[in-house]
Amino acid sequence: MALESVLIAGGGVAGFATARELRARGFGGRLSIIDPEGLPYDRPPLSKDYLLGTRSREQILLAGADWFLGQGIEVVSARAAALNPDEGLVLLEDGRELAADRIVLATGAAARKPDIPGGELETVLALRNRGDADALRKRLSPACGWPLWVRG
Ligand SMILES: Cc1cc2nc3c(=O)[nH]c(=O)nc-3n(C[C@H](O)[C@H](O)[C@H](O)COP(=O)(O)OP(=O)(O)OC[C@H]3O[C@@H](n4cnc5c(N)ncnc54)[C@H](O)[C@@H]3O)c2cc1C
């Protein structure tokens, strides 16, 4: 049976590269990426240019909305809550259910808070996603006298 649809849970660089390569290698079926953060973006700049405010949200995207449109790749802004691989179903947190012939799990990693005294303090921050970088920049800027601007 020909493969007609692929659903990728997680739109980090792994999920994005999977979608891009499927298209580059000739997969013409329905292709979707599910990620609560929407359009895939690159994470290394979160601790570098993005944190400094010298690269904007748009500038860290792995590809723009037009590229996804042109490639026929749907980006679903939602979180996968459960999988039913036997039936090829992904249940989203918002209650929707999506079906596909193949499901790719590319949900990456999460930051661990160290189990040490003080680890639970609100001044101990994680840096894993764009929201974390925004929060960290807000805290650091006044202390360091860094530029406070954020473009885009
Ligand atoms: C601040 C920072 C700086 C870094 N700097 C460097 C560097 O300089 N050089 C280097 O080589 N590497 C660096 N890395 C590591 C690199 O970014 C990772 O190796 C890479 O992001 C891993 O990609 P991934 O797609 O596997 O996972 P992730 O980037 O973690 O992407 C996973 C995606 O899955 C989504 N997701 C999670 N759960 C669900 C769910 N239930 N449903 C749907 N979507 C879900 C998340 O929102 C996320 O977008 C850095 C990482 C960070 C956080």
Side-chain angles (χ1 to χ4, degrees), residues 5-25 27 29-69 71-116 119 121-141 143-144 146-152:
S5 54
V6 176
L7 212 156
I8 302 167
V13 70
F16 171 75
T18 304
R20 185 191 58 205
E21 287 306 305
L22 278 167
R23 281 291 185 250
R25 292 162 194 242
F27 176 64
R30 192 157 50 81
L31 187 50
S32 316
I33 296 176
I34 306 169
D35 198 302
E37 298 218 58
L39 288 179
Y41 64 87
D42 206 15
R43 280 180 156 73
L46 296 182
S47 58
K48 305 168 186 78
D49 323 26
Y50 184 81
L51 186 62
L52 283 170
T54 54
R55 266 172 89 185
S56 67
R57 291 169 81 88
E58 284 69 30
Q59 287 169 333
I60 64 168
L61 292 177
L62 290 164
D66 287 354
W67 183 86
F68 288 93
L69 211 59
Q71 294 288 317
I73 301 172
E74 182 191 18
V75 178
V76 181
S77 297
R79 182 178 293 280
L83 303 176
N84 181 341
D86 293 336
E87 296 192 26
L89 291 175
V90 178
L91 177 69
L92 304 184
E93 246 178 20
D94 60 19
R96 281 180 290 166
E97 215 171 48
L98 304 180
D101 294 332
R102 294 285 187 278
I103 298 168
V104 177
L105 264 191
T107 48
R112 279 186 295 140
K113 278 219 165 185
D115 187 17
I116 54 173
L121 294 173
E122 63 158 32
T123 44
V124 178
L125 304 180
L127 179 51
R128 188 66 223 165
N129 60 34
R130 211 165 31 198
D132 295 337
D134 292 340
L136 185 58
R137 189 193 306 110
K138 226 182 239 170
R139 297 276 189 117
L140 293 176
S141 295
C144 302
W146 282 2
L148 275 167
W149 75 91
V150 184
R151 289 184 289 159

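Read the numbers this way: they start at 1 and go in the same order the structure lists the ligands and their atoms.
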Please list the nearest protein heavy atom to atom 51 (C) of ligand 1 with its residue and the distance rounded to 0.1 Å.
Arg43 CB, 4.1 Å
Let me confirm one number: the CD1-CZ distance from Ile33 to Phe68, rounded to the nearest 0.5 Å.
5.0 Å
Nearest 0.5 Å, what's the CZ-CG distance between Arg102 and Leu31?
14.0 Å
Test your reading of the model: is there a side-chain donor-acceptor pair from Thr107 to the backbone of Gly10, 3.5 Å cut-off?
no
Side chain, backbone, both or neither: the part of Ala133 lying under 4.0 Å from ligand 1 by heavy atom:
neither
Shortest protein heavy-atom distance from atom 35 (C) of ligand 1, along with the residue and atom involved
Asp35 OD2, 3.0 Å
If the cut-off is 4.0 Å to any non-hydrogen atom of Pro36, which atoms of ligand 1 fall inside it?
43 (C), 44 (N), 45 (C)
Among all protein heavy atoms, pick out the one at the shortest distance from atom 25 (O) of ligand 1; state its residue, atom name and that distance to 0.1 Å.
Ala14 N, 2.9 Å
Backbone N/O of Asp49 and side chain of Thr54: donor-acceptor pair under 3.5 Å
yes
Residue pairs involving residues 87-96 (criterion side chain to side chain donor-acceptor pair (under 3.5 Å); sequence neighbours excluded):
Asp94-Arg96
Is any N or O atom of Leu46, backbone or side chain, closer than 3.5 Å to an N or O atom of ligand 1?
no
Is at least one protein non-hydrogen atom found at under 4.0 angstrom from atom 29 (O) of ligand 1?
yes
For Lys48, the ligand 1 atoms with a heavy-atom partner under 4.0 Å come out as 5 (N), 6 (C), 7 (C), 8 (O)
Among all the protein's heavy atoms, is there at least one whose distance to atom 15 (C) of ligand 1 comes out below 4.0 Å?
no
CG on Leu140 to CG on Leu125, rounded to 0.5 Å:
8.0 Å
Might you check, step by step, whether the distance between atom 11 (O) of ligand 1 and some protein heavy atom is under 4.0 Å?
no
With heavy-atom distances below 4.0 Å as the criterion, list the atoms of ligand 1 near Ala106.
32 (C), 33 (C), 34 (O)
Please lay out, stage by stage, how Gln71 and Leu22 fare under the test side-chain contact (heavy atoms from CB on, under 4.5 Å).
CA-CA 10 Å; Gln71 294 288 317; Leu22 278 167; over 6 Å; no
Need the ligand 1 atom indices (1-based, order shown) with element for anything under 4.0 Å from a heavy-atom of Gly12.
25 (O), 31 (O), 33 (C), 49 (O)
Does any N or O in the side chain of Arg128 come within less than 3.5 Å of the main-chain N or O of Ala111, such that one atom is a donor and the other an acceptor?
no
Nearest protein heavy atom to atom 37 (C) of ligand 1, by residue and atom, and its distance?
Thr107 O, 3.4 Å
Lys48/Asp42 salt bridge by N-O under 4.0 Å criterion
no
To the nearest 0.1 Å, how far is atom 27 (O) of ligand 1 from its closest protein heavy atom, and which atom is that?
Gly108 CA, 3.3 Å
In the structure I gave you, are the side-chain heavy atoms of Leu105 and Leu83 within less than 4.5 Å of one another anywhere?
yes
Looking only at protein heavy atoms, what sits closest to atom 22 (C) of ligand 1 is Val13 CG1, 4.2 Å
If I take atom CG from residue Asp35 and atom OH from residue Tyr41, how far apart are they, to the nearest 0.5 angstrom?
7.5 Å
Any N or O of Arg128 that comes nearer than 3.5 Å to an N or O of ligand 1?
yes
For Ile34, the ligand 1 atoms with a heavy-atom partner under 4.0 Å come out as 43 (C), 44 (N)
Quick one: nearest non-hydrogen protein atom to atom 1 (C) of ligand 1, plus distance?
Leu127 CG, 3.7 Å
Quick one: does any side-chain atom of Arg55 pair with a main-chain N or O of Tyr50 as donor and acceptor, under 3.5 Å?
no
Nearest-neighbour protein heavy atom for atom 13 (C) of ligand 1, which is reported as residue plus atom name and distance:
Pro44 CG, 3.6 Å
